[in-house]
Amino acid sequence: MDAKMFREFGKAAVDFVADYLENIRDHDVLPSVEPGYMLQQLPKQMPESPEHWQHILADIDRVVKPGITHWQSPNMHAYYPTSVSYPSIVGEMLASGFSVIGFSWICSPACTELEVVVMDWLAKFLKLPAHFLHETEGPGGGVIQGSASEAVLVAVLAAREQAVRRERERRPELSESDIRGKLIAYSSDQSNSCIEKSGVLAAMPIKLLPAGEDLVLRGAALEAAIERDVAAGYIPVICIATLGTTGTCAYDDIESLASVCEAHQVWLHVDAAYAGGAFALDECAELRRGLERVDSLNFNLHKFMLVNFDCAAMWLRDANKVVDSFNVDRIYLKHKYEGHTQIPDFRHWQIPLGRRFRALKVWITFRTLGAEGLRAHVRKHIQLAAQFESLVLADPRFELVAPRALGLVCFRAKGDNEITSQLLHRLMERKKIYMVKAEHGGRQFLRFAVCGMDPKPTDIEFAWREIETQLTALSADQQVETRKAGEIADLTQHL
Ligand code: PLP
């Protein structure tokens with residue numbers, strides 16, 4: 001493909017994407033395909049001769065699109081939003097055009113420096129403590145990771161290495177493997193699966209402490225667990241708290257957890273993958289309470305900042321702790337500007353060596369929307385969730401199971417779990433809206449998350465109509481079945 005053909009293909013692809021996103025409401029949010037649908041349509045081997053891009057684009061429409069779950073549809077309400085915007089898509093395309101692998105400053109100075117700039121912009125926008133800024137004198141700073149899972153793993157691994165070093169000095173009688181065998185970490189039973197996985201990957205057990213009735217993890221529970229474990233010879237390493245849990249968007253009590261962590265020299269990480277976007281709002285200032293005391297935190301721009309996946313911000317109070325833990329050198333990685341205070345070599349801050357130029361899409365998105373536009377986006381999600389909540393509350397057949405939090409409403413049909421379960425089954429069969437179930441205290445419930453590229457109040461009305469009419473239909477079917485069962489019972493009695 002030469003540049004001329006690239007221009008044609010690229011322009012056609014832009015039109016394809018714009019048409020797709022503009023008309024996304026035309027599709028059911030869930031695809032109507034069976035497992036293996038694509039395998040049957042595509043050849044078993046790559047083509048021997050080159051094909052024209054027009055044929056390939058036609059196949060994207062014919063074969064790929066039918067198998068897409070439309071995450072950018074406003075009828076997507078499962079999980080949490082994964083945001084996108086036109087400027088971010090353009091940023092992604094430009095980054096692909098440059099295709100740099102910016103693991104150190106010299107590998108592409110713009111890649112590193114733009115990341116420093118946008119991470120400081122974002123830290124200020126979210127009103128994070130100044131010590132997380134690159135521009136503040138000191139060892140703190142921000143970096144873009146691929147996902148929240150990666151950010152959590154980086155924190156867990158760095159905390160583990162710091163703890164091993166500290167303990168080796170403190171207790172020289174212990175061997176390194178003795179120390180490693182005693183390490184232990186903590187989180188809440190409401191935390192995301194990636195927290196537990198980071199423990200598996202780091203070969204360090206992470207205890208999932210029971211959150212209270214209100215699904216919040218507090219210092220008292222952590223203190224009790226640490227005291228028990230220290231008495232049993234364990235070495236506490238890190239606590240991973242969550243602001244905005246995946247199930248119900250609950251907020252752990254950072255202040256009380258920080259007090260316990262400080263007392264026991266335990267690293268405190270905050271996973272704010274979703275809720276971090278609300279730090280920017282004055283009306284949500286309460287969420288930021290205690291952040292000045294945490295060692296690290298993460299927030300997914302691909303959830304709330306209109307920057308497409310993958311883009312997970314991570315801030316460290318002392319980045320040296322990560323750099324020292326992960327620093328592995330080779331002669332071919334060296335360059336003469338290494339160690340410059342204002343230009344980190346981000347390869348030391350992450351798991352892979354190579355890194356994408358993600359800052360470009362962030363920069364373009366932030367400039368195109370402005371802080372004002374980003375705040376308006378978060379507020380819109382909150383307002384749409386409030387609209388949905390009021391519809392739930394006005395219908396006596398439904399109940400809320402947790403307070404509405406940001407763009408998430410957790411609700412269920414009153415009665416036993418079976419009704420909620422069957423309701424979801426019906427909705428999934430119809431494919432008009434997509435939600436997932438969760439469970440707490442033996443009660444199953446549905447999570448309604450405001451998602452999609454540009455959700456509107458009419459989309460919320462659409463979703464609610466779908467939900468409540470399906471509950472009506474379910475009740476009608478159940479009545480028919482009960483009547484039939486009664487008739488059969490009567491008949492059997494008469495025989
Ligand atoms: N943490 C929380 C609170 C989440 O809700 C999620 C995903 O929704 C994650 C972590 C995992 O995010 P990622 O896919 O970026 O690893």
Side-chain angles (χ1 to χ4, degrees), residues 69 71 76-84 88 122 126 142-157 185-202 206 208-209 211 215-217 238-254 257 268-279 284 287 291 294 296-315 350-352 355-356 358 361-362 378 381 385 402 405-410 434-440 447-452:
T69 299
W71 281 72
M76 173 78 178
H77 300 292
Y79 314 107
Y80 272 137
T82 181
S83 59
V84 77
S88 173
L122 184 58
L126 298 177
V143 59
I144 304 178
Q145 309 281 3
S147 65
S149 311
E150 270 173 64
V152 168
L153 182 58
V154 164
V156 166
L157 292 174
Y186 306 91
S187 191
S188 121
D189 59 2
Q190 298 301 307
S191 62
N192 186 264
S193 60
C194 75
I195 312 291
E196 194 176 341
K197 188 169 176 183
S198 71
V200 175
L201 294 172
I206 297 195
L208 299 181
L209 306 173
L215 306 172
V216 172
L217 180 66
I238 181 170
C239 171
I240 302 115
T242 311
L243 287 177
T245 56
T246 311
T248 60
C249 197
Y251 309 118
D252 289 343
D253 179 9
I254 305 304
L257 293 171
L268 179 56
H269 178 85
V270 170
D271 172 17
Y274 171 66
F279 295 162
C284 298
L287 284 186
L291 288 187
V294 313
S296 51
L297 82 144
N298 66 273
F299 159 57
N300 279 356
L301 281 88
H302 58 252
K303 281 193 163 60
F304 246 146
M305 290 290 103
L306 289 156
V307 177
N308 63 295
F309 187 83
D310 54 349
C311 200
M314 177 184 196
W315 287 275
Q350 61 171 21
I351 292 159
R355 59 198 328 272
R356 291 172 8 83
R358 298 187 187 98
K361 61 184 175 185
V362 178
V378 180
H381 276 229
L406 306 182
L408 181 70
V409 180
C410 296
Y434 182 17
M435 284 186 292
V436 289
K437 256 192 322 192
E439 187 175 324
H440 175 62
R447 293 172 72 268
F448 182 92
V450 176
C451 298

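We use all heavy atoms of the structure for the numbers below, so side chains are in, but hydrogens, waters and symmetry mates are not. Every number for a ligand or one of its atoms is a count from 1 in the order of the listing. Bear in mind that the values here come from a model prediction, so they are computed numbers and not experimental data.
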Distance-only, no hydrogens or angles: does the [X] side chain make a donor-acceptor pair with backbone N or O of [Y] under 3.5 Å?
| X | Y | answer |
| --- | --- | --- |
| Ser188 | Ala211 | no |
| Arg447 | Gly247 | yes |
| Asp252 | Thr242 | yes |
| Lys361 | Asn308 | yes |
| Ser83 | Leu306 | yes |

Among the heavy atoms of Cys194, does any lie under 4.0 Å from an atom of ligand 1? yes
Close approach of Glu150 to ligand 1, heavy atoms, under 4.0 angstrom: no
Is there a polar contact, in the sense of an N or O pair closer than 3.5 Å, between [X] and ligand 1?
| X | value |
| --- | --- |
| Tyr80 | no |
| Thr242 | no |
| Thr245 | no |
| Ala148 | yes |

Would you please say whether a donor-acceptor pair under 3.5 Å links the side chains of Tyr434 and Tyr79? yes
Checking a contact table here: which protein heavy atom is nearest [atom], and how many Å away?
| atom | answer |
| --- | --- |
| atom 16 (O) of ligand 1 | Ser149 OG, 2.4 Å |
| atom 7 (C) of ligand 1 | Lys303 NZ, 3.2 Å |
| atom 6 (C) of ligand 1 | Asn192 ND2, 3.3 Å |
| atom 1 (N) of ligand 1 | Asp271 OD2, 2.6 Å |

Ring geometry between His302 and Phe309 (parallel below 30°, tilted from 30 to 60°, perpendicular above 60°): perpendicular
Heavy-atom distances under 4.0 Å are what count here, so tell me which part of [X] touches ligand 1: side chain, backbone, both or neither.
| X | value |
| --- | --- |
| Tyr274 | neither |
| Asn300 | side chain |
| Ser147 | both |

One pair to check against side-chain contact (heavy atoms from CB on, under 4.5 Å): Val143 and Gln350. What are the steps and the verdict? CA-CA 9 Å; Val143 59; Gln350 61 171 21; 5.6 Å; no
Gln145 and Val154: CA distance, side-chain angles, deciding distance, side-chain contact (heavy atoms from CB on, under 4.5 Å) verdict: CA-CA 9 Å; Gln145 309 281 3; Val154 164; 3.9 Å; yes
Atoms in ligand 1 with a heavy atom of [X] nearer than 4.0 Å:
| X | answer |
| --- | --- |
| Thr246 | 2 (C), 3 (C), 4 (C), 5 (O) |
| Gly244 | 3 (C) |
| His302 | 15 (O) |

Run the side-chain contact (heavy atoms from CB on, under 4.5 Å) test on Ile238 and His269 for me, step by step, so that the C-alpha distance in whole Å, both residues' side-chain angles and the decisive distance to 0.1 Å come before the verdict. CA-CA 7 Å; Ile238 181 170; His269 178 85; 4.1 Å; yes
